[in-house]
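Below you'll find the structure, written out as structure tokens, and then a few comments.
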Amino acid sequence: MKRYLRPIGLLSGSAAHKAVAAGLALPLAGGALAFSLVEVIERMAPGDIRREIVTVQDVAGELQPHIGPRPLAGPIVMGIVNATPDSFSDGGAHFDAGPAIAHATAMIQAGAGIVDIGGESTRPGAIPVPVDEEIRRVVPVIAGIRAVAADVTISIDTRNARTMQAALDAGATMINDVSALAHDPDSLAVAARATGPVVLMHMQGDPATMQQAPAYDDVVLDVYDQLESRIATALAAGVALDRVVIDPGIGFGKTVAHNLALLARLSLFHGLGVPLLVGVSRKRFIARLSADEPAEYRLGGSLAAGLAAISRGAQILRVHDVPETVQALRMATAIRDA
Ligand code: 7PJ
């Protein structure tokens with residue numbers, strides 16, 4: 001039997017502060033939210049899951065990881081920068097870093113606290129890129145951004161240890177690995193030697209085949225267990241816990257129903273005691289719930305899903321549309337604090 005605690009009855013703004021002061025709620029994830037109730041989930045065996053709602057007082061001694069403190073304040077917007085010839089330039093052999101650097105610079109000016117540079121598409125069905133080609137794409141982009149933005153957090157989105165190291169040498173300060181440091185046997189050592197945040201994302205299977213038949217016992221509990229196990233592996237390799245960020249990996253080996261369950265019950269993941277990053281921007285499940293719009297026409301759903309993640313205490317949102325996301329977050333925060 002394994003026991004999980006999911007904060008529910010979330011409060012925000014002055015209601016959160018007053019409920020905490022009155023002893024009726026606990027702060028969630030070191031942030032602006034608080035929770036008054038907890039769903040106690042007990043998985044007795046695969047398929048045999050029992051659920052019960054209790055008050056925070058009933059399980060107070062078990063809730064320390066959910067409360068914080070957290071090294072990263074939220075919400076932080078992470079802007080996606082594609083250093084891939086299919087996104088920028090003429091798609092030929094010559095890769096021009098200029099447009100990607102300009103795009104990143106505009107995102108930083110619009111309020112992105114992190115820019116995430118990727119040179120290999122990990123979208124469903126994508127074909128892997130040779131590591132030397134990936135390095136050739138990302139290094140000039142990272143060096144170019146670092147030359148104009150000394151303080152911004154530059155994240156390298158890669159599964160490959162040599163790309164991580166080359167990116168860190170070029171000025172990246174954060175590692176974002178969709179395989180949670182499992183794809184490349186050398187990546188744990190590279191992450192341990194580095195000093196900045198390391199994102200461990202959940203993925204079932206491999207990008208080429210992951211959407212063929214995603215299956216779980218309980219997707220939320222299974223993703224939680226696997227992230228817990230990857231955190232343990234990272235810690236054993238020498239990555240300090242205060243550097244770890246987790247991500248449930250929306251769209252990575254998940255059906256629409258799996259994605260929705262993860263977003264709806266996202267607060268469970270605060271039990272792992274580390275900041276939570278979520279990426280929903282322009283993902284296919286948005287179109288599946290709507291009218292099969294192409295990626296450029298998924299902003300409405302991206303904002304709605306992103307705000308849902310933030311309202312459950314996610315600290316970092318990975319997005320394509322930085323100005324629009326910053327505007328939405330400012331509006332949501334202003335209403336919360338009014
Ligand atoms: C994610 C990512 C995500 C993290 C991609 C896409 C596919 N890294 N890299 N989380 N997605 N941490 O943007 O649609 O969700 S690539």
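Indexing begins at 1, ligand by ligand and atom by atom, following the structure's order. From a predicted model like this one, the values you see are computed outputs, not experimental measurements.
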[X], any N or O under 3.5 Å of ligand 1 N or O:
X	answer
Asp157	yes
Ser281	no
Asp116	no
His320	no

Practice prompt. Give the residue and atom name of whichever protein heavy atom lies nearest to atom 14 (O) of ligand 1, and the separation in Å to one decimal.
Written response: Lys283 CE, 3.4 Å
Worksheet item: Is Asp184 paired with Arg162 through a side-chain N to carboxylate O contact shorter than 4.0 Å?
Response: no
Worksheet entry | Lys/Arg N to Asp/Glu carboxylate O, Arg318 vs Asp116, below 4.0 Å | yes
Fill in: Any side-chain heavy-atom pair of Val278 and Ile316 under 4.5 Å
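The answer is no; the side chains never approach within 4.5 Å.
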Number the atoms of ligand 1 from 1 as they appear, then name those within less than 4.0 Å of a heavy atom of [X], with their elements.
X	result
Val178	2 (C), 8 (N), 9 (N)
Leu277	12 (N)
Arg123	14 (O)
Thr122	16 (S)
Val199	12 (N)

Worksheet item: Run the side-chain hydrogen bond (donor to acceptor under 3.5 Å, both in side chains) check on Asp222 and Gln226 step by step: do they pass?
Response: CA-CA 6 Å; Asp222 290 0; Gln226 282 164 37; 5.4 Å; no
Practice prompt. Report yes or no: do Ile246 and Val77 belong to one cluster of Ile/Leu/Val/Met/Phe/Trp/Tyr joined by side chain heavy-atom distances under 4.5 Å?
Written response: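 In one cluster: yes.
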Discussion item. With a 3.5 Å distance limit and no angle check, can you tell me whether His66 reaches the backbone of Phe35 through a side-chain donor-acceptor pair?
Written reply: no
Worksheet item: Per the side-chain hydrogen bond (donor to acceptor under 3.5 Å, both in side chains) rule, which among Gln204, His202, Gln211 passes with Lys254?
Response: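 Output: one option passes, namely His202.
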